[in-house]
Amino acid sequence: MTQTSLNSDRDAHDESIRFLPWSHQLDAPLRALICVVAGMGVAVVGTFAHRMGAAQNIPYGLALALVIVGLSTWCARSRSGAIGLALHLIASSAVAWLMAMGYPHGDVVTPIGFGAPVPYFSAHVGYFWLFGMIVVQVALLMMPASLFTMPGRRADDDYASGYDADYGASAKNSKNSKDSVPAAAVPATGAGIGL
């Protein structure tokens, strides 16, 4: 291979990576750290949210908490593969189970089992949360890797589909589209692509 072809391959790779979320562009240790921190955050949020509606036997908090775990797990596997998912699983499970045992101050935030008669979900939603978050993550681990790919986008993909991240959804035929803006005025940083 010539130096020119190597440079063009590298430029094409850099161009496609530029349009990935910022956390996908980092080095492997930083991506792993993000997976761990995301797992810990999901565990804290889910532990406090899972009891919403349990007293009325409508555990919508549990459903929301498990959906958040699923989304964060998908991102971890998309970002760092099965290793990232494993780190996410370990971190989220450890934090949720430590909080269930009353760590760090002895206050249990995942009450399980009651001596008095209470609604079914009020007494059991803690079990569903602690084991459900593990089941959701293991289920995502068993899915094919092709469901977790995030190919890089080219700079003109948004414009070709009629969406312009810099000017809004209907900018393709508007007077503010890229056709009427000088090339030097169009940002080249991928602004508006999001996390």
Side-chain angles (χ1 to χ4, degrees), residues 17 19-152 190 192-195:
I17 213 101
F19 290 102
L20 287 174
W22 67 271
S23 64
H24 291 242
Q25 298 177 29
L26 300 173
D27 293 333
L30 290 175
R31 288 194 316 259
L33 178 65
I34 289 173
C35 292
V36 170
V37 171
M40 293 169 67
V42 163
V44 170
V45 170
T47 298
F48 287 112
H50 81 276
R51 292 204 55 82
M52 293 188 299
Q56 294 82 24
N57 267 341
I58 306 170
Y60 64 89
L62 175 65
L64 289 173
L66 292 176
V67 165
I68 291 170
V69 167
L71 292 172
S72 182
T73 304
W74 184 91
C75 289
R77 183 153 179 207
S78 174
R79 182 183 310 112
S80 298
I83 300 295
L85 190 147
L87 293 171
H88 188 275
L89 172 65
I90 292 166
S92 62
S93 298
V95 168
W97 283 86
L98 285 173
M99 290 177 76
M101 292 187 302
Y103 183 81
H105 302 292
D107 297 329
V108 176
V109 293
T110 310
I112 298 172
F114 293 87
V118 293
Y120 177 80
F121 278 109
S122 190
H124 297 93
V125 75
Y127 289 121
F128 288 119
W129 164 241
L130 292 173
F131 292 113
M133 69 183 301
I134 295 171
V135 168
V136 165
Q137 294 180 77
V138 169
L140 286 169
L141 180 63
M142 298 299 172
M143 291 185 177
S146 62
L147 296 176
F148 301 94
T149 58
M150 186 179 296
I193 290 180
L195 302 175

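Throughout, numbering of the chain's residues begins at 1 and tracks the sequence.
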Please tabulate, for side-chain N and O atoms in residues 45-54, each donor-acceptor pair with protein atoms closer than 3.5 Å (sequence neighbours left out).
residue : atom : partner : partner atom : Å
Thr47   : OG1  : Ala43   : O            : 2.6
Thr47   : OG1  : Trp129  : NE1          : 3.3
His50   : ND1  : Gly46   : O            : 3.4
His50   : ND1  : Thr47   : O            : 2.7
Arg51   : NH1  : Ser122  : O            : 3.3
Arg51   : NH2  : Ser122  : O            : 3.2
Arg51   : NH2  : Ser122  : OG           : 3.3

Quiz item: How are the rings of His124 and Tyr127 set to each other: parallel, tilted or perpendicular (split at 30° and 60°)?
Solution: tilted
Shortest non-hydrogen separation from [X] to [Y] and the atoms involved:
X	Y	value
Ala123	Val118	CB-CG2, 3.7 Å
Ala32	Leu87	CB-CD1, 3.6 Å
Leu130	Ala96	CD2-O, 3.8 Å

Nearest 0.5 Å please: distance from the [atom1] atom of [X] over to the [atom2] atom of [Y].
X	Y	atom1	atom2	answer
Phe128	Met133	CZ	CE	16.0 Å
Ile68	Ser92	CD1	OG	13.0 Å
Leu85	Cys75	CG	SG	11.0 Å
Leu30	Ser80	CG	OG	10.0 Å

Quiz item: Given His88, which of Arg77, Arg79, Gln137 fulfils the side-chain hydrogen bond (donor to acceptor under 3.5 Å, both in side chains) condition?
Solution: Gln137
Run the side-chain donor-acceptor check on residues 138-149: report pairs under 3.5 Å with partners two or more places apart or on a different chain.
residue : atom : partner : partner atom : Å
Thr149  : OG1  : Ser146  : O            : 3.3

Practice problem: With the side chain counted from C-beta on, respond yes when Thr73 and Leu89 share a heavy-atom pair under 4.5 Å apart, and no when they do not. | Solution: no
Quiz prompt | Over 12 foreign heavy atoms within 6.0 Å of CD1, Ile83 | solution = no
Quiz item: What side chain to side chain donor-acceptor pair (under 3.5 Å) pairs are there with at least one residue in residues 27-42, not counting sequence neighbours?
Solution: none
